[in-house]
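This report concerns only the one structure given below.
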Amino acid sequence: MALPWQQVHLIAATEAARAHREMSVDPARPIDPFAALDRAGVLVFRRRLDGVAGLYLPGDVAGGVPGVLINVAHPPTKQRFTAAHELWHHRRDREVVFDTETEWIARGEDHHADRERLAEAFAAWFLMPRQLVTASLARLGLSAARLDAEGAYAPVPAMETSYVATVHHLGDMRLIDQATRDRLARILPQRIKHGLGGPGATEDAWKDIHVVRMRGDERGRDVRAKQGDALVIEASEAPSSGYVWEAAAVAPGLVLVGDEFLAPDAPTLGGRGWHRFIIRVDAPGHQSLRLDLRRPWETRPAVESLQFDITA
C-alpha cells in the first residue's frame with residue numbers, strides 16, 4: 001500500500017532539512033542542487049537524453065565514484081529539480097535508477113512507487129524550504145492567502161523553480177488551499193509572463209521575468225538573472241507632483257523594453273501609483289541600471305535615485 005502523502009512529505013521535509021544542515025546550505029537563500037551533488041561527491045554530467053529526465057549510478061557501478069546524468073534538453077528549472085531528485089536517490093537508495101520523469105504535473109496515489117514519490121517530494125522541499133518561500137514572498141510584499149497567478153509566479157525566478165512545481169508546493173506547505181492550487185496550476189506560465197512584460201519582454205519562452213517592486217525605504221537592489229531574462233521594476237510614483245521616474249543610466253547589455261505608469265484600481269486626485277520599467281538582460285556579466293526621480297523639465301539633480309546591480 002502506498003504511503004499517504006502526509007507521511008511522504010514529513011519524511012521528505014525532514015530529510016531535506018538534514019541535507020541542508022549537513023551541506024551547510026542556507027535554507028533562506030536560493031539553493032544550487034548541482035553544488036549540493038558536488039559536495040556529496042557525486043559527479044554530474046549533462047547530456048541530451050531520449051525519454052529520460054535523469055539517471056543515478058552508485059559508486060559500485062560507476063567505477064567507484066557515484067554519478068548523475070541530467071537531460072540537458074529539458075528547461076533549466078526541470079534540470080535543477082531532476083538534480084535534487086537524484087540527490088535523494090544518492091542519499092537514500094544507492095542503486096541504479098532511471099527516471100523518465102522527476103517533476104510531476106498529474107499526481108495520484110497509485111501512479112508511482114513510494115521511492116519516486118519520496119524523491120519528488122524531497123526535491124521540492126530541498127529547493128523550496130519554508131524559510132526560502134516565506135522570505136521570497138515577504139520580499140515581494142505578497143501574502144500567500146491572497147495570491148493570484150502573477151503573485152504565485154513572482155518568487156519563481158529567484159528560487160529557479162518551475163511555476164507548476166511552485167504552485168503544487170505552496171499547496172503541500174498549506175500556504176494555499178487545494179482549490180486555489182488547482183486553479184493556479186491550470187494557468188500557463190507563458191500567459192502570466194505575457195501579462196507581466198508583454199510581447200518582446202523575453203525572446204525565449206524558457207526565460208523568466210523577475211518582478212522587483214521597490215519599498216519606500218529602498219535605494220537599490222542586487223538582482224541575479226540569466227541572459228535573456230527580463231526585469232519588471234516597479235517604483236511608487238505620484239505624477240501630479242511633477243516628479244516622475246526615468247531610466248537615467250542603462251548599461252549597454254540591458255534593453256529598455258517598456259516604460260509606463262500604472263494607476264491604482266480606484267484612482268484619487270493626486271493619488272500614487274506604480275511606475276513600471278521592463279528591462280531585458282541581453283548580455284551576461286555584471287550590468288548596472290539607475291532610475292532617477294525628477295521633474296523632466298528641470299536640469300537640477302534628481303531628488304531620489306535607485307541603483308540596480310544585475311548579475312546575469
Side-chain angles (χ1 to χ4, degrees), residues 1-44 53-62 65-70 77-105 107-136 155-156 158-162 164-176 181:
M1 179 180 292
L3 290 171
W5 271 110
Q6 184 176 3
Q7 188 174 351
V8 167
H9 282 288
L10 179 60
I11 295 170
T14 301
E15 183 66 18
R18 182 182 295 116
H20 292 150
R21 289 194 303 271
E22 292 175 359
M23 298 179 182
S24 300
V25 172
D26 184 352
R29 299 177 63 84
I31 293 164
D32 184 349
F34 299 106
L37 284 168
D38 183 64
R39 289 178 191 172
V42 180
L43 293 178
V44 179
L55 167 66
Y56 173 73
L57 293 172
D60 57 353
V61 174
V65 180
V68 162
L69 196 59
I70 306 291
T77 54
K78 185 164 185 175
Q79 293 180 46
R80 284 169 44 80
F81 205 93
T82 297
H85 184 108
E86 304 306 337
L87 179 62
W88 166 272
H89 291 318
H90 174 69
R91 291 178 63 88
R92 296 295 295 264
D93 298 324
R94 297 296 180 100
E95 61 184 63
V96 177
V97 181
F98 289 84
D99 285 311
T100 57
E101 186 55 81
T102 56
E103 183 178 284
W104 308 341
I105 295 176
R107 296 185 173 210
E109 289 293 344
D110 57 349
H111 290 175
H112 301 271
D114 281 341
R115 182 184 68 182
E116 294 307 307
R117 297 164 75 236
L118 285 163
E120 187 266 355
F122 170 83
W125 285 101
F126 185 79
L127 294 175
M128 295 176 281
R130 188 175 296 273
Q131 299 97 312
L132 176 59
V133 173
T134 54
S136 299
V156 163
M159 295 193 300
E160 296 187 67
T161 52
S162 76
V164 171
T166 302
V167 167
H168 277 293
H169 193 55
L170 288 170
D172 294 335
M173 297 173 70
R174 302 292 190 266
L175 291 177
I176 58 176
R181 182 198 69 187

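Scope of the values below: all heavy atoms of this structure, side chains included, with no hydrogens, waters or symmetry mates.
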Working for side-chain contact (heavy atoms from CB on, under 4.5 Å), residues V25 and R39: CA-CA 11 Å; V25 172; R39 289 178 191 172; 3.6 Å; yes

Look up atom CG in D38 and atom CG in L43, then write down how far apart they are to the nearest 0.5 Å. 8.5 Å

Is there a side-chain contact between L170 and V133, using heavy atoms and a 4.5 Å cut-off? yes

Are the side chain of H20 and the backbone N or O of F126 linked by a donor-acceptor pair below 3.5 Å? yes

Check: R80 and L127 side chains under 4.5 Å, non-hydrogen atoms: yes

If every non-hydrogen atom of L37 is compared with every non-hydrogen atom of A83, which pair is closest and at what distance? CD1-O, 3.7 Å

Measuring from E160:CD to D32:CG, what's the distance to the nearest 0.5 Å? 8.0 Å

Is there side-chain contact between E116 and V97, with heavy atoms separated by less than 4.5 Å? yes

Parallel under 30°, tilted from 30 to 60°, perpendicular over 60°: which one fits the rings of H89 and H85? perpendicular

Are any non-hydrogen side-chain atoms of V156 and S162 less than 4.5 angstrom apart? no

Salt bridge between E15 and R18, side-chain N to carboxylate O under 4.0 Å? yes

Could you walk me through whether F81 and T161 pass the side-chain contact (heavy atoms from CB on, under 4.5 Å) test, one step at a time? CA-CA 7 Å; F81 205 93; T161 52; 5.7 Å; no

Restricting to non-hydrogen atoms, name the atom on A40 and the atom on L87 that form the minimum distance, rounded to 0.1 Å. CB-CD1, 4.4 Å

Mind checking whether R91 and E22 have side chains closer than 4.5 Å, heavy atoms only? yes

Apply side-chain contact (heavy atoms from CB on, under 4.5 Å) to the pair D172 and W5, showing each step before the final yes or no. CA-CA 9 Å; D172 294 335; W5 271 110; over 6 Å; no

When rounded to the nearest 0.5 angstrom, what is the spacing between NE2 in H169 and CZ in R130? 7.5 Å

More than 12 heavy atoms from other groups under 6.0 Å of CZ on R115: yes

Report the distance from atom CD of Q7 to atom CG of D114, rounding to the nearest 0.5 Å. 8.5 Å

Decide side-chain contact (heavy atoms from CB on, under 4.5 Å) for R94 and D60; before the verdict, give the C-alpha distance in whole Å, the side-chain angles of both, and the deciding distance to 0.1 Å. CA-CA 9 Å; R94 297 296 180 100; D60 57 353; over 6 Å; no

Determine the minimum heavy-atom distance between P66 and H90, stating which atoms define it. CG-CE1, 3.7 Å

Between CZ of F34 and CD1 of I70, what distance do you get to the nearest 0.5 Å? 5.5 Å

Pairwise distance CZ(R92) to CZ(F122) - rounded to 0.5 angstrom: 9.5 Å

Closest heavy-atom pair and its distance - W125, H9: NE1-ND1, 3.0 Å

Tell me the closest heavy-atom pair linking M128 and A165, and the distance in Å. CE-O, 3.8 Å

Over all atoms of both residues, closest heavy-atom pair of I176 and V167: CD1-O, 3.8 Å

